[in-house]
Amino acid sequence: MKLILVRHGQTASNVAGLLDTAPPGPGLTELGIRQAKAVPTVLAADPIGAIFASDQTRALETVAPLATARGIDVAVLPGLREVSAGQLEMAGDADSIHRYIGTLFAWLGGDLSERIPGGPNGFEFLERYDEAVSAIVDSLIGAAGPDGCAVAVSHGAAIRAWATCRAANADTAAVAPVAPVAPVAPMVPVAASSGAAAVRGRHLDNTGAVVLNRDVSGIWTIVDWQSEALGGAALDQPAASGPTS
């Protein structure tokens, strides 16, 4: 089973550098719309059997072109939401960003007891996201069988945290920097690199993606980690990623 976790397109809060995590949240910028429109072409070769998104506006707007192109209804899963910023919601100062990102890095390093002020700890976040992924697995098996492929549009911090904490090969996954690609070029596997520290250091630009495979025993492994927008570097801007969301 293949799961493609795609970060949503750019929002105004990404550009402003705000911790904007609460639903429903903002919609896409003009660049974000272009990023979303590029996704169907990039994923054209994938035999997608099911499509999912969080219930946050930016995820729903990002997934819409793909769903239309494939003629597949989007299943909305609130569990795919961004990691809540809690008391730091809508903050953009350096200290708040550091506290939020620092907590996420603690989770990626194995300390799931760390808690975002007024928000979740790592155990709570993973329980919520695990439930959403389990729903994806069950739905995909019903729609396409155990060898099916699903796309889920989610959020930057949430994708990084779940994939890194849950993938069996997070210490040895393909995590080297991705070479620039032409617009609408297909995703390609990234080269092997230096393990967990490198995974923790990787980011996801808007409409970047992490691709995972699930074996018959239920073990997930990272296959690709595409940091750039799926449409290529031409659809990225320095402010496109934002601190999260």
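Numbering of residues begins at 1 and proceeds along the displayed sequence. The model shown is predicted, which means the values in this text are computed figures rather than measured ones.
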Exercise. Does Ala157 offer a backbone N or O that forms a donor-acceptor pair with the side chain of Glu82 under 3.5 Å?
Worked result: yes
Exercise. Between Trp225 and His203, is there a donor-acceptor pair closer than 3.5 Å when you use the side chain of the first and the backbone of the second?
Worked result: yes
Exercise. Under 3.5 Å, is there a donor-acceptor pair between the side chain of Thr68 and the main chain of Ala64?
Worked result: yes
Problem set entry | Beyond-backbone contact of Asp205 with Gln226, side-chain heavy atoms, under 4.5 angstrom | no
Problem set entry | Heavy-atom side-chain proximity of His155 to Gln56 below 4.5 angstrom | yes
Exercise. Any salt bridge between Arg34 and Glu30, counting N to O under 4.0 Å?
Worked result: yes
Problem set entry | Contact check, side chains of Phe125 and Cys165, non-hydrogen atoms, under 4.5 Å | no
Problem set entry | Approximate separation, where rounding is to 0.5 Å, of Leu3 CG and Ile136 CD1 | 5.5 Å
Exercise. Does the Arg128 side chain pair with the main chain of Gly79, one donor and one acceptor, at a distance under 3.5 Å?
Worked result: yes
Problem set entry | Polar contact flag, side-chain donor to acceptor under 3.5 angstrom, Thr29-Gln10 | yes
Exercise. Between Trp162 and Asp130, do the side chains contain an N or O donor and an N or O acceptor separated by less than 3.5 Å?
Worked result: yes
Exercise. From Asp20 CG over to Leu18 CG, what is the distance, rounded to the nearest 0.5 angstrom?
Worked result: 6.5 Å
For this session: Decide yes or no on side-chain contact (heavy atoms from CB on, under 4.5 Å) for Val6 and Leu230, but give the supporting numbers first.
Result: CA-CA 9 Å; Val6 180; Leu230 289 185; 4.3 Å; yes
Exercise. How many angstroms lie between atom CG of Leu88 and atom NE2 of His98, to the nearest 0.5 angstrom?
Worked result: 11.5 Å
Problem set entry | Minimum-distance pair of heavy atoms, taken over all atoms of Ile72 and Ile48 | CD1-O, 3.5 Å
Exercise. Do Thr57 and Leu60 have side chains that get closer than 4.5 Å, going by heavy atoms?
Worked result: no
Seminar exercise, completed: Value for CG (Asp93) from CZ (Arg99), rounded to nearest 0.5 Å, stands at 9.5 Å
For this session: Assess whether side-chain contact (heavy atoms from CB on, under 4.5 Å) is satisfied between Asp55 and Arg81, documenting all intermediate values.
Result: CA-CA 7 Å; Asp55 61 348; Arg81 289 176 184 171; 2.7 Å; yes
Problem set entry | Nearest atoms (heavy-atom pairs only) where Gly9 meets Leu28 | O-CD2, 3.4 Å
Exercise. Ignoring hydrogens and geometry, is there a side-chain-to-backbone donor-acceptor pair from Glu114 to Trp107 under 3.5 Å?
Worked result: no
For this session: Measure from the side-chain N and O atoms of Arg214 to the backbone N and O of Ile219, and report whether any donor-acceptor pair falls under 3.5 Å.
Result: no
For this session: For Leu126 and Ala161, work out which heavy atoms get closest and say how close.
Result: CD2-O, 4.5 Å
Exercise. Side-chain donor-acceptor pair under 3.5 Å between Tyr129 and Ser154, yes or no?
Worked result: yes
Problem set entry | Side chain proximity check, Ile4 to Leu43, heavy atoms < 4.5 angstrom | yes
Exercise. Would you call Lys2 and Asp147 a salt bridge, taking side-chain N to carboxylate O under 4.0 Å as the test?
Worked result: no
Exercise. Can you find a heavy atom in the side chain of Ser54 that is under 4.5 Å from one in the side chain of Val76?
Worked result: no
Exercise. Between atom CG of Leu104 and atom CD1 of Ile116, what is the distance when rounded to the nearest 0.5 Å?
Worked result: 5.0 Å
For this session: Please report the shortest heavy-atom distance between Ala59 and Ala53, naming the atom on each side.
Result: O-CB, 4.2 Å
For this session: Please check if atom CG in Asp73 has more than 12 non-hydrogen atoms from other residues, nucleotides or ligands closer than 6.0 Å.
Result: no
Exercise. Are Val151 and Ile33 linked, directly or through other ILVMFWY residues, by side chains that come within less than 4.5 angstrom of each other?
Worked result: no
Seminar exercise, completed: Closest non-hydrogen contact found for Thr21 with Val83 is CG2-O, 3.4 Å
Exercise. Would you find a donor on one side and an acceptor on the other, under 3.5 Å apart, between the side chain of Asp138 and the backbone of Ala135?
Worked result: no
Seminar exercise, completed: Interatomic distance, CG@Asn213 vs SG@Cys149, rounded to 0.5 Å, equals 9.0 Å
Exercise. Would Phe105 and Ile159 show up in the same hydrophobic cluster when neighbours are defined by side-chain heavy atoms closer than 4.5 Å?
Worked result: yes
Exercise. Is Met1 close to Leu140 at the side-chain level, that is, under 4.5 Å between some pair of heavy atoms?
Worked result: yes
Exercise. Between Thr221 and Ala168, what is the shortest heavy-atom contact and its length?
Worked result: CG2-CB, 4.4 Å
For this session: Flag the pair Asn121 / Ser113 as yes when at least one side-chain heavy-atom distance between them is below 4.5 Å, and no otherwise.
Result: no
